[in-house]
Amino acid sequence: MVKRIGVLTSGGDAPGMNAAIRAVTRVALNSGIEVFGIYNGYKGMVEGDIEPLTKASVGEIIDRGGTILGSARLPEFKDLEVRTKAVAQLQKRGIEAIVVIGGDGSYRGALALTEMGINCIGLPGTIDNDITCTDFTIGFDTALNTIVEAVDKLRDTSSSHHRCSIVEVMGNRCGDLAIYSGIACGAEIIVTSQTGFEESEVLERLRDLDLIKKKRQAIVIISEKITDVHQFAKKVSLHTGFSGRATVLGHVQRGGSPTPNDRVLASRMGEKAVDLLMQGIGGQCISIRNNEIISVLIEEALNMPRDSRKKLHNLFDRLV
Ligand code: F6P
């Protein structure tokens, strides 16, 4: 049976990563497995920035955002030479298997390491909810709460000044933060890669909201990487009765104490990851599907098409 495992966080941090580190560590220690924290993602693995974790060292972190292990992006990890150095660092310490908490880029590294004889299990840690094999990723719920809180506040000030707030949310080409927050905040318009962005059409809809529907304010939620929201806000001021203001929520969405849902999700997924490693299984990632924690081959997960969000978009349209 596996005796020593490592855990690392990689890619953009997400609230709930600490809860996942804690779960992996405590479930493993309670099963007689030693646990090592690998600092700063794959970079720390290559550099040997690796320390044992104890039950105490993961105490008082379940409520903390960010990741106590630090995170990094290391595109060079796709080079065999770099990975060979990493594997040597693990072997030197007798670490046989790893739990990788991160997004799909991190999963690619986990798969490559598994193919080199180090069993890896991936946990979906990203606010973007862009890992297609899971209904929810760790951090999504917290980021969604952050957005909703911010947009609710923007609505207060927008309605006092007859303004249109254009709010850019993260998601890295996945529209989930936008569509979920749009529904939760009662936004007037949402723009994602699924809706597409026809500037003139959005301006027309805003004119209608102002002139026909007599709205005091309007909220437009736009996924990042679609348009320059500051430029668009100027056009709203020029071509509609609202004065346009853009807010880029940015990295605020990545911080904060994880919601109870994210803490529980991280704990359930962390437990499953350790159970798989104890069975000598690697090359898989953990998902939640219909509230059941399951595992999927990383290779399959990386090639799975994204579920359509058509029903959510239809719901949004029926609510405006
Ligand atoms: O993947 C998480 C994420 O926050 C994306 O939503 C965003 O596009 C990206 O990371 C930002 O990356 P960085 O923190 O490197 O600016």
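For ligands, and for the atoms within them, numbers begin at 1 and follow the listed sequence. As the structure is a prediction and not an experimental result, all values here were calculated from the model.
Those atoms of ligand 1 that come under 4.0 Å of a heavy atom in G171, given as number and element, are 6 (O). If you number the atoms of ligand 1 from 1 as listed, the ones under 4.0 Å from a heavy atom of M170 come out as 4 (O), 6 (O). Every atom of ligand 1 with a heavy atom of K225 under 4.0 Å away is listed here by number and element: 8 (O).
Ion pair D208/K213 flagged as a salt bridge, since at least one NZ, NE, NH1 or NH2 atom sits closer than 4.0 Å to an Asp/Glu carboxylate oxygen. Look at R207 and E204 and you find a salt bridge, because one of the NZ, NE, NH1 or NH2 atoms lies within 4.0 Å of a carboxylate O, short of that distance. Using a cutoff of 4.0 Å between basic side-chain nitrogens and carboxylate oxygens, K85 and D79 are not scored as salt-bridged. Salt bridge status for E188 with K215: present, with a side-chain N to carboxylate O gap under 4.0 Å. Ion pairing between a basic and an acidic side chain is recognised when a charged N comes within 4.0 Å of a carboxylate O; R4 and E34 show such pairing.
The environment of R289 atom CZ is dense: over 12 non-hydrogen atoms of other residues, nucleotides or ligands sit within 6.0 angstrom.
Nearest non-hydrogen protein atom to atom 4 (O) of ligand 1 is R254 NH1, 2.7 Å. Counting protein heavy atoms only, atom 6 (O) of ligand 1 is closest to D128 OD1, 2.6 Å. At the top of the distance list for atom 15 (O) of ligand 1, counting protein heavy atoms only, stands R73 NH1, 2.7 Å. Annotation: atom 8 (O) of ligand 1 to nearest protein heavy atom, E224 OE2, 2.6 Å.
Ligand 1 has H251 within reach: a non-hydrogen atom of the residue lies less than 4.0 Å from it.
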